[in-house]
J.: 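Below is a structure I'd like to ask you about.
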Amino acid sequence: MPQQFTQPTVTLEMVKKHGLNPEEYERIKEILGREPNYTELGIFSVMWSEHCSYKNSIALLKTLPREGSSILAEAGEENAGAVDIGEGLAVVFKIESHNHPSAIEPYQGAATGVGGILRDIFTMGARPIAALNSLRFGSPSDPHVRYLVDGVVRGIGDYGNSFGVPTVAGEVYFDDAYTTNPLINAMAVGIMKTDGICSAVAKGEGNAIMIVGSKTGRDGIHGATFASEELTEASQEKRPAVQIGDPFTEKLLLEATLEIIDKDLVVGIQDMGAAGLTCSSAEMSAKGESGIEIHIDLVPVRESAMTPYEILLSESQERMLVCVKKGKEDDVRAVFDKWDLDSTIIGQVTSDGLMTVKLNGEVVSQIPSEVLVLGGSAPIYHRESKRPAYMDKLNHIDLTDYSTDCDWNDTLLRMLAAPNICHKGWVFEQYDSMVRTNTSVGPGSDAAVMRLRKTNRALAMATDCNGRYCYLNPRLGARSAVAECARNIVCSGGKPLAITNCLNFGNPYKPGIYYGFSEAVAGMGEACRVFDTPVTGGNVSFYNEDPERAVFPTPTIGMIGLVENIDHITTQWFKNDGDTVMLLGDTREELGASEYIHAIHGQNRGPVPKLDLLFELKLQQTLLAAIESGLIKSAHDVSDGGLAIALAESCIGNSEHSIGAAINLGSDLRPDCLLFGESQSRVVISCAPDDIAEIITLFRKAGIPAKEIGTVGGHTLTIDKLVDMPLDKLHDAFYDSLPRIMEEIG
């Protein structure tokens, strides 16, 4: 740490390089009543970046349903969302993106994404019990894409496995839209007592402020502003903005953090994520309606001659900021000493409402805390919105352009082997999904299910989004993402409770992009209100594009559901010879936006399948009642790839016990629509023959079609006179495709 620090002179060019426009700079001068110095410019730059301030999205996000009788932490108020699940327990969960860092440095970008979301969970006082992810890449035939896939998957696996949290569910999609800008969305789930939530607050004049965990380095400086700009060739030069993670230190930090919370030693605690010490200091003091004074020369650093600017903006991993209860400083130190971690008093709470930073007693920065944080004085924008012309063009489809003179056996094999359909074992088998032994259903079924220790209940969890749907119709696509996530929870025996979201879009200054964002937010809100699944928080990630194109609008949904009795846990695969196969819901002549059109015909076009939210709700409620009545042996939602894929997965989804089925649909629909159309609100179930009449009566009362379509048994899957395939061929196409694609990685 230098004994003296000379602030560089702030120029308009410097302001521009910090991502602030002239109007924002004038606003800063009005707030301060003077010109900001260099350190203050850096602070405003990160705190008013899109990544921290949500300046282009907060107005729309406030329209989402965020309240519910079981919600314990309102969206944006804490590090993560918290929902009361009864018996004195709460589930804490959140999803966030690490897209730009992973595009530049895939291993560390993905690993630190996992580390950051885990810290958001345990700073609340919750012990993480599960990790999930939602990943999107370009075509796996591209060598650079395979490099990204390999690095991301290893980064997620190595961090999660070393930390000791099971990675239990997720999704992996491939499309050219994500070639340069992959989407790496990480979700974490934790459990805690409802009365043990620790807030991200600093209050109580004179209370000590401690930095705990790892030392501070130069990695990650301006990571927040890096995440708030488009990727270009010059982005490769910003590798220092990618943090470096250490899961073993994080594991120690977890235990130490939970111990000081359990011992009631702290007023509040916050992870140092985006914008590092700057963000945590400003947000904790603003929430406490207090001020904070930081002595920057006391911060433990691991590199020489670091300036206040660098220390404040560093995003070095595995660090926390703690507001300690008066007189408990030595107790906190003792805990962190036990876990061999640094713990240093670097300041104190004040009553002046200012975030003051001092170097050797001299003020180097002084800004009102409130003006830096979400909901404070950061600018709020309503950007220009215009429906893109391509939507009208691509939403048209003429089915006569697609021949039905096909070998449907061969087509089914090609669909099962398609990158977006095939088994993702190559990915999730690199993750430990069983550590801590609470996993009832791991990767590969509709949702993951985790038992809740010392109870007879479980949590179901899933992530979902069809980016192609959102590209063609963002409002309907977002509705469908929420509906499918809820359907996956219900098919697993759970009642949907709440969601978190990760909204991945391009540059919001472009009217077409902002149109997609506003429509997706509206669609998500509509669906959440119908399903009574409030939004507990999440993440907005803009600027996901390169000079050639933006990613598909991708509002990833992470959902939590409660399984009231572990006897109700349900999986997607058929169980016994002689069981009856039934189809819930209607199959319509819909082929638009389907994986079939994409994988077989190389197109992304057509109208997104219709979705009646009230019908979907009745389907889910009735299905859950049937599951809880013990009538259902398996349940699998019909989604990507359509009915034929859902039936094939029901036959071979359990690789250790494949079982065939003879299906008779008796439909006059076109074969491609019948087999591979993606009509919404459909579920394939199996049951004992003796229960057919009761199931049909139950669904008929709810106004939901329930039709007997076949019988479980044998070693083949037959569908009318269209498909007749041995299970071993289906198995090979489904399970061996991605490993063959990825084996070319050096």
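Being a predicted model, the structure only gives us computed values, none of them experimental. Numbers here simply count residues along the sequence, with the first being 1.
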J.: If every non-hydrogen atom of Thr112 is compared with every non-hydrogen atom of His98, which pair is closest and at what distance?
T.: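 Taking Thr112 first and His98 second, the nearest heavy atoms are OG1-CE1, 3.0 Å.
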J.: Check the side chains of Thr123 and Asp120 for a donor-acceptor pair under 3.5 angstrom, ignoring hydrogens and angles.
T.: no
J.: Under 3.5 Å, is there a donor-acceptor pair between the side chain of Asn207 and the main chain of Val349?
T.: no
J.: For Asn544 and Asn504, which I'm curious about, is there any donor-acceptor pair between the side chains at under 3.5 Å?
T.: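 Side-chain D/A pair, Asn544 to Asn504: absent.
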J.: Quick check: does any side chain N or O of Ser290 sit under 3.5 Å from a backbone N or O of Ala202, one acting as donor and the other as acceptor?
T.: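 Yes, Ser290 side chain to Ala202 backbone: donor-acceptor pair under 3.5 Å.
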J.: Does any donor atom in the side chain of Asn56 or Tyr514 lie under 3.5 Å from an acceptor atom in the other side chain?
T.: no
J.: In terms of heavy-atom contacts, does NZ of Lys326 have more than 12 from other residues, nucleotides or ligands at under 6.0 Å?
T.: yes
J.: List the steps and the verdict of side-chain contact (heavy atoms from CB on, under 4.5 Å) for Leu118 and Glu250.
T.: CA-CA 9 Å; Leu118 288 170; Glu250 177 117 331; 3.6 Å; yes
J.: Just do the salt bridge (charged side-chain N to carboxylate O under 4.0 Å, His left out) check on Lys29 and Glu35 with the steps written out, would you?
T.: CA-CA 5 Å; Lys29 290 195 293 184; Glu35 297 271 351; 3.6 Å; yes
J.: In terms of side-chain geometry, is the basic nitrogen of Asp264 or Lys328 positioned less than 4.0 Å from the acidic oxygen of its partner?
T.: no
J.: Tell me, please, which residues at least two apart from Gln366 pass side chain to side chain contact (heavy atoms under 4.5 Å, CB included).
T.: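 So Gln366 forms a side chain to side chain contact (heavy atoms under 4.5 Å, CB included) with Leu354, Thr356, Val363.
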J.: Specify the closest pair of heavy atoms between Asp297 and Asn360, including all atoms of both residues, with the distance to one decimal.
T.: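 Taking every non-hydrogen atom into account, OD1-N, 3.2 Å.
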J.: Do Lys203 and Glu289 sit within salt-bridge range, that is, some charged N less than 4.0 Å from a carboxylate O?
T.: no
J.: Is a side-chain N or O of Glu13 found less than 3.5 angstrom from the main chain of Thr11, in a donor-acceptor match?
T.: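 No.
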J.: Tell me, with the steps shown, if Asn37 and Val364 meet side-chain contact (heavy atoms from CB on, under 4.5 Å).
T.: CA-CA 8 Å; Asn37 62 37; Val364 294; 5.6 Å; no
J.: Return the CD1 to OG distance between Ile380 and Ser53, rounded to the nearest 0.5 Å.
T.: 8.5 Å
J.: Quick one: does Ser281's side chain have a donor or acceptor within less than 3.5 Å of a partner on Thr278's backbone?
T.: no
J.: What verdict does the side-chain contact (heavy atoms from CB on, under 4.5 Å) test give for Met210 and Ile346, after you've listed the backbone C-alpha separation in whole Å, the side-chain angles of each residue and the deciding distance to 0.1 Å?
T.: CA-CA 6 Å; Met210 298 182 76; Ile346 61 168; over 6 Å; no
J.: Passes salt bridge (charged side-chain N to carboxylate O under 4.0 Å, His left out), Glu96 versus Lys94? Steps please.
T.: CA-CA 7 Å; Glu96 284 195 342; Lys94 189 179 182 183; 2.9 Å; yes
J.: Will you find, in the side chains of Glu78 and Ser199, an N or O donor that is under 3.5 Å from an N or O acceptor?
T.: yes
J.: Using atom types as modelled and distance alone, determine if a side-chain donor or acceptor of Thr344 lies under 3.5 Å from a backbone N or O of Ile211.
T.: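 Flag not set: sc Thr344 to bb Ile211 has no pair under 3.5 Å.
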J.: So, for Lys215 and Arg302, which heavy atoms are closest and what is the spacing to 0.1 Å?
T.: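 Minimum heavy-atom contact is O-NH1, 3.0 Å.
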J.: Of all residues at least two apart in sequence or in a different chain, which pass the salt bridge (Lys or Arg N to Asp or Glu O under 4.0 Å) check with Lys55?
T.: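 Once residues adjacent in sequence are excluded, the partners of Lys55 under the salt bridge (Lys or Arg N to Asp or Glu O under 4.0 Å) criterion are Glu24.
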J.: Does some side-chain heavy atom of Thr533 sit less than 4.5 Å from a side-chain heavy atom of Leu497?
T.: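 Sidechains of Thr533 and Leu497: no contact.
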J.: Quick check for you: to the nearest 0.5 Å, what is the distance between Asp271 atom CG and Arg119 atom CZ?
T.: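 Taking CG in Asp271 and CZ in Arg119, the distance rounds to 4.5 Å.
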J.: If we only count heavy atoms from C-beta on, is the Ser134 to Met187 side-chain gap below 4.5 Å?
T.: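 Side-chain contact under 4.5 Å: no.
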J.: Indicate whether any N or O donor in one side chain lies under 3.5 Å from an N or O acceptor in the other, for Ser57 and Glu50.
T.: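 Note: Ser57 and Glu50 side chains meet the donor-acceptor criterion.
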J.: Does Asn79 use its side chain to pair, donor to acceptor, with the backbone of Met124 at less than 3.5 Å?
T.: no
J.: Looking at every non-hydrogen atom in both residues, tell me the closest pair between Gly245 and Glu318 and how far apart they are.
T.: CA-OE2, 3.8 Å
J.: Whether the side chain of Asn133 engages the backbone of Ala186 through a donor-acceptor N/O pair (distance < 3.5 Å, no angle test) should be reported.
T.: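 No; zero donor-acceptor contacts below 3.5 Å.
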J.: Regarding Lys251 and Glu255, does a basic nitrogen lie under 4.0 Å from an acidic carboxylate oxygen?
T.: yes
J.: Is it the case that Asp352 and Thr350 place a side-chain donor and acceptor less than 3.5 Å from each other?
T.: yes
J.: Let me confirm one number: the SG-CD1 distance from Cys198 to Ile269, rounded to the nearest 0.5 Å.
T.: 6.0 Å
J.: When rounded to the nearest 0.5 angstrom, what distance separates SG in Cys465 from CE in Met524?
T.: 9.5 Å
J.: Without swapping roles, check the side chain of Ser314 against the backbone of Ile311 for a donor-acceptor pair under 3.5 Å.
T.: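 No, Ser314 side chain to Ile311 backbone: no donor-acceptor pair under 3.5 Å.
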J.: Could you label the plane-to-plane angle of the Tyr543 and Tyr509 rings as parallel, tilted or perpendicular, counting under 30° as parallel and over 60° as perpendicular?
T.: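 Tilted, since the angle between the ring planes falls between 30° and 60°.
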J.: Begin with the C-alpha distance, continue with both residues' side-chain angles, and end with the deciding distance and a verdict on ring-ring contact (aromatic ring centres under 6.0 Å, His included) for Phe44 and Tyr25.
T.: CA-CA 9 Å; Phe44 274 104; Tyr25 185 62; 9.3 Å; no
J.: Starting at CD1 of Ile43, measure out to SG of Cys279 and round the result to the nearest 0.5 Å.
T.: 11.5 Å
J.: Salt bridge check, Lys287 against Glu283: does any charged N sit closer than 4.0 Å to a carboxylate O?
T.: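 A salt bridge is absent here (no side-chain N lies under 4.0 Å from a carboxylate O).
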J.: Walk me through whether Glu23 and Arg27 qualify under salt bridge (charged side-chain N to carboxylate O under 4.0 Å, His left out).
T.: CA-CA 6 Å; Glu23 293 79 14; Arg27 187 169 183 169; over 6 Å; no
J.: May I ask you to decide if the ring planes of Phe517 and Phe542 are parallel, tilted or perpendicular, using 30° and 60° as cut-offs?
T.: perpendicular
J.: Using side-chain heavy atoms (C-beta onward) and a distance below 4.5 Å, is Leu452 in contact with Ile191?
T.: yes
J.: Looking at Ile121, Leu72, Ile197, Leu258, which one forms a side-chain contact (heavy atoms from CB on, under 4.5 Å) with Met192?
T.: Ile197
J.: What distance do Thr536 atom OG1 and Leu64 atom CG have between them, rounded to the nearest 0.5 Å?
T.: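 Taking OG1 in Thr536 and CG in Leu64, the distance rounds to 11.0 Å.
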J.: Checking Glu40 against Gln7 for the side-chain contact (heavy atoms from CB on, under 4.5 Å) test, could you report, in this order, the C-alpha distance in whole Å, the side-chain angles of both residues, the deciding distance, and whether it holds?
T.: CA-CA 10 Å; Glu40 292 166 338; Gln7 305 262 16; over 6 Å; no
J.: Go through the side-chain N and O atoms of Ser369 and Ser285 and say whether any donor and acceptor fall under 3.5 Å apart.
T.: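 Their side chains do contain a donor-acceptor pair, which is all the 3.5 Å distance test asks for.
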J.: Looking only at non-hydrogen atoms, find the nearest pair between Ala130 and Val165 and report the distance.
T.: N-CG2, 3.5 Å
J.: Quick check: closest heavy atoms across Pro65 and Gly525, and the distance to 0.1 Å?
T.: CD-CA, 3.9 Å
J.: Using a strict threshold of under 4.0 Å (side-chain N to carboxylate O), is an ion pair present between Lys510 and Glu384?
T.: no
J.: Would you check if the side chain of Thr500 reaches a backbone N or O of Ile95 as a donor-acceptor pair within less than 3.5 Å?
T.: yes
J.: For salt bridge (charged side-chain N to carboxylate O under 4.0 Å, His left out), just list the numbers for Glu315 and Arg218, CA-CA rounded to whole Å, side-chain angles, deciding distance to a tenth of an Å, and then say yes or no.
T.: CA-CA 8 Å; Glu315 294 182 9; Arg218 289 189 171 93; over 6 Å; no
J.: Here's a test for you: under side-chain contact (heavy atoms from CB on, under 4.5 Å), which of Thr556, Ile117, Thr463 qualifies with Asn185?
T.: Thr556
